[in-house]
Amino acid sequence: MTKVQTAVAADPDKVVVFDTTLRDGEQAPGFSMGPDDKVRMAHVLAALKVDVVEAGFAAASPGDEEGVRRVVGEVEGPVFCSLARSNEADIDAAYRALRGTEERRCHIFLGTSPIHRSAKLKMSKAEVLAAAGRAVAYARTRFEDVEFSPEDAIRTEPEFLAEVCEVAAAAGATTLNIPDTVGYSTPGEIGDIFRNLIATVRARFPQVVFSAHCHDDLGMAVANSLAAVEAGARQVEGAINGIGERAGNASIEEMVMAIRTRSDRYGLHTGVDATHLVRASRLLSEITHTPVVRNKAIVGLNAFAHEAGIHQHGMMADPSTYEIMRPQDVGFEGTWFVLGKHSGRHAVAKRAETLGQPVSGVHLAAAFAGFKARADEIGEINDHELLAIIEAARPVTRQEEPAYAAAG
C-alpha cells in the first residue's frame, strides 16, 4: 500500500489533505508562479503539514517540469505529485520531474462526461474505458502511487462513472478522485454520488482512497467537499486562499478549520498544523500580487476583527461570545478590535487604557463624542487619531484656565 493508503487504513478518521495551489491554483489567470516561487510556497506547505502537494503539470511546459523538479529536490515532507493526461508522454514527464523523491504520485485525468466525450475527446464510452485502463496500468510501471480523476465526474452518467472508476482501480489506481470540475454540484447531490460510488467500488477494491476535488463556480466548493467527506471520502483537494480555475478551488484553510471546529459533527481530523495558515495565505498573496479580501474566512483581515460595540463588549466579557476559533490557532497574533463608528464606549476606553491614556467620567464622555464625530468623517480610527481625540477632549483644569482664556 502507498503512504496515504497506509495512513487511512491505520486511522479511518483521518482526512488526507491534497494541496493543488502549485498546479490547479497557479494555472488560473493571474496566479502563475515560476520555479523559485513554487519552492518558497512549497516550504510553507510542508510546514503546514499537508499530506500531498501537487507541484505542477510537468508536461505542460519545460518550465513547469523544472518547477516540479526544483520543489521535490529542495523540499521534504509531503508526497509530491504531478498531473498527467492519459498518455505515456505525460506520465513520462511526471516521472522525470519527480525522480528526486521516493514519495511521488502520478495524477492522471480523463474526461468522462457526455459533453467531454463528444466535444473534447471525440471518444466513445468504450474508448474512454480503454484509455483510462491503459494510462493507469502504464503509470503503475513507474509509480506505486497513482491517482485517477474522471474529469467532469459530476456530469457523468452514474453507471458509467462507477464503471470507469472500477477499470482504473483494476489497473492499479490507489486513489480515485471524483472532481466537480465545473462547480456544478450541491452538497446533497455530491454526498449521494460518493455514497453510491464507494459502496459499489469498495466491494471489489477495499483499499482505494476516495477523494473530492470541488470548484467554486456556484460558491459551494467547501460545502460540497465536506459533504463528500461525510459520505466517506478520505481525501480533500483544494488550494490556499481558494485559488484555481475560474472561481477557484475549495479553500484549504476553510476545509481544515471546518473539520477541526466542527469535530462534534464530523468526528474527523487532519494532520495539518493550522498555525501556519495565515503565513501560507500571506505568502501566496505576496507571490501572486493578489490581496486577500478582508472578509475572507479564516485568513482575511476581518476574520477576527470586531467593530460593532455590542460585539466588542461581548468579546471583552468572553471571546467565545463571537469567535468560534482562537485567532492564534490559525496564525494570527490575536483578536483585533477595529475602532469605527459602530464601536461602543467600552472599546474606546479599553483601547485608551492600552495606549497609556486611561479616560473616565466626563473626559470619557467628551472623548467618545469626539470619537463618534471623527469616525463618521473618516471611518476607521487608528491609535494616532484616538490619542488626538483624547487630548482634544481633556477637561480644562483651574490651573489651565488663565492660559486657556489668554489663548482664547
Side-chain angles (χ1 to χ4, degrees), residues 1-9 11-21 23-25 50-55 78-84 104-110 112 132 136 139 143-154 156 161-162 164-166 168-169 171-181 183 185 187 190-202 205-216 221-239 244 249-252 255-256 258-259 266 268-272:
M1 290 197 297
T2 67
K3 180 180 179 180
V4 167
Q5 285 177 305
T6 300
V8 171
D11 184 358
D13 294 332
K14 175 182 170 65
V15 177
V16 173
V17 176
F18 177 114
D19 185 280
T20 188
T21 304
R23 198 279 299 172
D24 194 325
V50 299
D51 300 281
V52 184
V53 170
E54 191 166 44
V79 173
F80 290 105
C81 175
S82 175
L83 188 68
R104 55 178 174 255
R105 172 184 293 190
C106 184
H107 179 191
I108 298 169
F109 72 97
L110 181 63
T112 57
V136 172
F143 294 87
E144 180 187 7
D145 191 343
V146 176
E147 176 172 331
F148 177 76
S149 290
E151 189 181 9
D152 203 19
I154 302 305
T156 299
L161 180 60
V164 74
C165 284
E166 290 192 317
T174 52
T175 296
L176 293 175
N177 179 50
I178 310 304
D180 185 9
T181 304
S185 197
I190 205 168
D192 289 341
I193 290 170
F194 270 86
R195 271 185 288 272
N196 292 334
L197 266 180
I198 291 171
T200 300
V201 177
R202 283 255 178 86
F205 306 99
Q207 302 300 330
V208 166
V209 175
F210 275 85
S211 173
H213 178 119
C214 298
H215 280 263
D216 209 34
V222 171
N224 286 339
S225 299
L226 295 173
V229 164
E230 284 193 289
R234 284 300 176 266
Q235 176 177 287
V236 289
E237 304 191 1
N249 287 284
S251 164
I252 289 287
M255 291 190 292
V256 166
I259 290 170
Y266 297 113
L268 302 168
H269 62 92
T270 73
V272 168

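- Under the 3.5 Å distance criterion, the side-chain polar atoms of Arg234 are matched with a main-chain donor or acceptor of Val229.
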Inset, instruction - Applying side chain to side chain donor-acceptor pair (under 3.5 Å), run through Glu147 and Thr175 and close with a yes or a no. - result: CA-CA 5 Å; Glu147 176 172 331; Thr175 296; 4.8 Å; no

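- In this view, Thr270 and Val15, Val17, Val256, Ile259, Val272 satisfy the side chain to side chain contact (heavy atoms under 4.5 Å, CB included) rule, not counting sequence neighbours.
- Results of the side-chain contact (heavy atoms from CB on, under 4.5 Å) test with Leu176 over Leu197, Val208, Val209 single out Val208 as the only residue that passes.
- The distance from the CD1 atom of Ile178 to the SG atom of Cys165 is 4.0 Å, given to the nearest 0.5 Å.
- Applying the side chain to side chain donor-acceptor pair (under 3.5 Å) test to Asn249 and every residue at least two apart in sequence or in another chain returns Asp24, His213, His215.
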Inset, instruction - Any chance you could lay out the side-chain contact (heavy atoms from CB on, under 4.5 Å) test for Phe143 and Arg105, step after step, and finish with the verdict? - result: CA-CA 6 Å; Phe143 294 87; Arg105 172 184 293 190; 5.8 Å; no

Inset, instruction - Would you sort out whether Glu237 and Arg23 count as a side-chain contact (heavy atoms from CB on, under 4.5 Å), showing the intermediate values? - result: CA-CA 11 Å; Glu237 304 191 1; Arg23 198 279 299 172; 5.7 Å; no

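- Ile154 CD1 to Ser185 OG: the interatomic distance, rounded to the nearest 0.5 Å, is 4.5 Å.
- With rounding to the nearest 0.5 angstrom, the CD atom of Gln235 is 10.5 Å from the NZ atom of Lys14.
- A donor atom on one side chain and an acceptor atom on the other are not found under 3.5 Å apart for Thr181 and Asp152.
- Side chains of Val164 and Phe148 form a contact here, defined as non-hydrogen atoms less than 4.5 Å apart.
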Inset, instruction - Determine, step by step, whether Gln5 and Val8 satisfy the side-chain contact (heavy atoms from CB on, under 4.5 Å) criterion, reporting the C-alpha distance in whole Å, the side-chain angles of both residues, the deciding distance to 0.1 Å, and the verdict. - result: CA-CA 5 Å; Gln5 285 177 305; Val8 171; 6.0 Å; no

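- Atoms CZ and CG, on Phe80 and Asp145 in that order, are 13.0 Å from each other to the nearest 0.5 Å.
- Screening Asp216, Ile193, Ile190 for a side-chain contact (heavy atoms from CB on, under 4.5 Å) with Asn224, the sole residue that qualifies is Ile190.
- Evaluated for a side-chain contact (heavy atoms from CB on, under 4.5 Å) with Phe18, the options Cys81, Pro78, Ser211 yield exactly one hit, Cys81.
- To the nearest 0.5 angstrom, Asp13 atom CG is 14.5 Å from Tyr266 atom OH.
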Inset, instruction - Evaluate the side-chain contact (heavy atoms from CB on, under 4.5 Å) criterion for residues His269 and Asp11: first the C-alpha distance (whole Å), next the side-chain angles of each, then the deciding distance (0.1 Å), finally the verdict. - result: CA-CA 10 Å; His269 62 92; Asp11 184 358; 2.7 Å; yes

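- For the residue pair Val146 and Ala139, the shortest heavy atom distance occurs at CG2-CB, 3.9 Å.
- The heavy-atom pair separating Pro187 from Ala227 by the smallest distance is O-CB, 3.4 Å.
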